[in-house]
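Taking it in order: structure first as structure tokens, then the write-up.
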Amino acid sequence: MELVLAGLVGFLVACGAYLMMSGQLIRFLFGLVLLSNAANLAIFAAGRLTYATPPFVVSGQIAPAAGAANALPQALILTAIVIGFGLLAFALALAFRAWQSLGTTEMDAMRACEPVDFAAGKTKEKTLDPSKSYERNRLEAAE
Amino acid sequence: MSPEMLLVWPIALPMITAVLTLVLRRSPVGDTVSLVGAVALLAAGITLLMHVLEFGPISAQMGSWAAPFGITLFADILSAAMVVIAGIVAVAVVVYSRQDVSEGERAVGFHALSHALLVGVCGAFLTGDIFNLYVWFEVMLIASFGLLVIGGRRDQMDAAVKYVGLNLIATLAFLAGVGILYGAAGTLNMADLHLTLADRQNETAVLAAAAMLLFAFGAKAAMFPVFAWLPASYHTPAFATSALFAALLTKVGVYALLRVFTVVFDGSGAFLQPILLVGAVLTMVVGVLGAAAQNDVRRILSFHIISQIGYMVLGLALFTPLAIIGAIFYLFHHIIVKANLFFVAGVIRWKAGSEELDKIGGLLKASPLLAILFLIPALSLAGVPPLSGFWAKFIIVQASLEARDWWVAVAALAVGLITLFSMTKIWLAAFWKEHPDAEPAAMPVAPRSMIWPIATLAVMTVIIGIAAGPLYTTAEEAAVTLLDPLAYVEVVLGPEAVAEARASEAAELQLAEVAQ
């Protein structure tokens with residue numbers, strides 16, 4: 001079972017990495033979701049897997065029976081899922097807002113904070129007007 | 001007050017302040033509450049540091065669940081001193097934000113987010129549990145996301161996308177590393193991890209976890225090659241926010257490296273040390289070269305953060321007592337100086353109207369005081385004696401010479417020179433040359449709430465430089481505790497656990513002798 005889970009984690013990481021390297025903001029976020037699930041599964045597998053032995057303490061005993069499922073990794077995963085959910089909701093809202101103000105979700109075209117010409121020493125940034133959209137500025141710069 | 005509560009206050013106070021300032025975010029009272037909260041945090045930090053200096057490291061078990069089962073809070077000199085410096089930065093930032101941060105940004109919760117960030121920072125400094133460290137990192141991260149976007153400008157959105165994307169990858173690596181570590185050791189309490197992993201440092205699973213955590217902390221600290229998020233974002237928010245980020249965020253990464261790679265993993269191991277060493281040198285060199293190519297005050301300063309992080313990691317990588325002292329001293333000095341330089345950048349913007357070097361000038365005539373206040377942190381950053389940065393660099397270079405790593409010493413000195421070049425570039429462009437279109441006399445006067453924090457931090461830089469002795473002693477004591485993980489274990493798990501560990505070590509030695 002551990003092997004299957006390990007393979008699944010590897011597969012999710014590979015898919016996530018592929019999506020993240022595609023240069024599209026939305027695909028990048030989907031890649032993050034896959035990576036986040038891979039991390040959670042890795043924790044789950046790291047806690048050792050047991051079949052159908054819930055970690056209950058039989059009355060009269062002070063500890064669960066040997067070989068019971070490990071509850072701690074599940075608590076960790078629960079925390080990580082909650083945090084991941086919040087972060088992802090923020091990231092999605094941010095992506096939408098970035099699309100609204102930049103007019104694109106192509107990572108290569110998102111250069112508002114680090115303008116290409118500016119980095120090369122030519123201060124073309126002067127022509128960029130923050131009140132206008134990215135496309136508008138680019139059109140004006142091209143003219 | 002019981003000593004346990006001393007550990008809770010630096011986390012609880014900013015949390016309370018964050019809630020209050022969130023409620024009062026549209027009211028003028030909110031600013032005052034925020035300032036009071038920051039001062040209270042500083043006071044709590046100083047109380048904690050005094051206690052630790054007098055009685056030694058302390059720990060507390062949250063909810064009275066005995067370690068290693070519950071969440072442990074722990075403070076030695078290093079973490080207490082970091083809390084104090086976070087408090088100093090908090091006060092300075094809150095005062096500075098009075099004029100620097102716009103009405104609109106305050107109405108959507110600038111103060112609440114800043115204090116939430118401080119909750120995460122102080123939590124990360126004080127925790128003794130590695131999963132808890134992950135949670136504090138997340139608290140810090142989500143607050144910094146908020147601070148980055150509340151301005152709502154185009155370039156801020158773009159910067160936030162890069163900052164969020166790259167930091168989330170680091171966070172996931174952290175989480176996966178913690179998972180692997182738990183699978184290998186069965187515990188997440190750092191003291192317990194030290195005992196469990198003491199003789200298992202070379203196992204594949206342990207090294208895999210170490211590599212994941214090195215990547216995660218390295219990305220948080222902006223080490224080469226995972227620093228791209230920092231220069232993409234630090235020049236976009238309000239100056240107060242920039243200063244807060246520059247002072248604290250990367251330094252939490254460095255602190256985590258220092259803590260985890262002394263207590264949990266052996267940073268001097270054959271696998272980790274070369275990575276840390278080469279990574280540190282490349283971080284220094286690439287950061288400083290990146291800065292030399294920039295033409296915008298805050299972007300130059302951002303690249304210099306990266307370069308300076310290299311020095312601190314270098315201290316850890318050399319792993320001699322002197323080098324660790326150097327890293328800690330550097331950490332203390334750099335937070336003060338870097339926050340101050342970003343504050344100065346804000347005043348340059350206020351007076352000269354821009355941050356781009358070819359659009360500003362004439363500030364020496366307009367404000368000689370500002371020129372002096374810029375020179376102090378700038379020369380300190382470059383390591384000119386007798387300012388604080390000189391001693392920080394001196395200790396690191398001395399340690400690398402003692403370790404006979406000549407090329408490292410050469411790199412450290414060369415990077416210092418190029419830093420001086422960058423600072424000269426800002427000096428020439430902003431202060432010495434004429435302003436392209438504005439008259440020096442006609443420049444607006446900077447508000448006092450922006451000048452006072454700069455002046456105070458500059459005075460601290462000078463004091464650290466002239467009277468480096470006491471701070472060096474503090475750094476030395478901090479390094480001694482850091483390099484003696486069993487002392488850490490003793491404070492968290494009690495003397496019995498250490499005695500047991502020593503006994504089993506002695507038994508193993510005997511066995512080995514018998515076998516021979």
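Predicted model, so just to flag it, every value in this text is computed and none were measured. Quick note on labels: first sequence line is chain A, next is B, and so on, each numbered from 1.
- The shortest distance between side-chain heavy atoms of A/Leu94 and B/Phe145 does not fall below 4.5 Å.
- Applying the 6.0 Å contact sphere to CZ of A/Phe90 captures more than 12 heavy atoms from other residues, nucleotides or ligands.
- In terms of modelled atom types and a separation under 3.5 Å, the side chain of B/Arg299 and the main chain of A/Glu114 share no donor-acceptor contact.
- Closest approach of B/Tyr182 to A/Pro73, counting heavy atoms only: CE2-CG, 3.6 Å.
- Contact count versus chain B (heavy atoms, under 4.5 Å) is highest, among A/Gly86, A/Ala91, A/Ala95, A/Ala46, for A/Ala46.
- Rounding to the nearest 0.5 angstrom, the gap separating the CZ atom in A/Phe28 from the CG atom in B/Leu168 is 7.5 Å.
- Of all the listed residues (B/Ile180, B/Val164, B/Asp155), the one sharing the greatest number of non-hydrogen pairs under 4.5 Å with chain A is B/Asp155.
- Counting heavy atoms from C-beta on, the side chains of B/Phe69 and A/Leu72 never come closer than 4.5 Å.
- No side-chain heavy atom of A/Gln100 sits under 4.5 Å from any side-chain heavy atom of B/Met157.
- The closest donor-acceptor contact from the side chain of B/Lys162 to the backbone of A/Cys113 lies at 3.5 Å or more, if one exists at all.
- For B/Val161, the parts lying under 4.5 angstrom from a heavy atom of chain A are both the backbone and the side chain.
- By the 4.5 Å heavy-atom criterion applied to side chains, B/Tyr134 and A/Thr79 are not counted as neighbours.
- At a threshold of 4.5 Å between non-hydrogen side-chain atoms, the residues A/Ile43 and B/Leu175 count as touching.
- Between chain A and the residues B/Thr236, B/Ile169, B/Val139, the most heavy-atom pairs under 4.5 angstrom are made by B/Ile169.
- Between A/Leu76 and B/Leu188 the shortest side-chain heavy-atom distance falls below 4.5 Å.
- Other residues, nucleotides and ligands contribute only 12 or fewer heavy atoms inside 6.0 Å of the CZ atom of A/Phe44.
- With a 4.5 angstrom heavy-atom cutoff, A/Leu35 touches chain B via backbone and side-chain atoms both.
- Heavy-atom distances place no part of A/Ile77 under 4.5 Å from chain B, backbone and side chain included.
- Contacts between A/Ala42 and chain B at a heavy-atom distance below 4.5 Å are absent for every atom of the residue.
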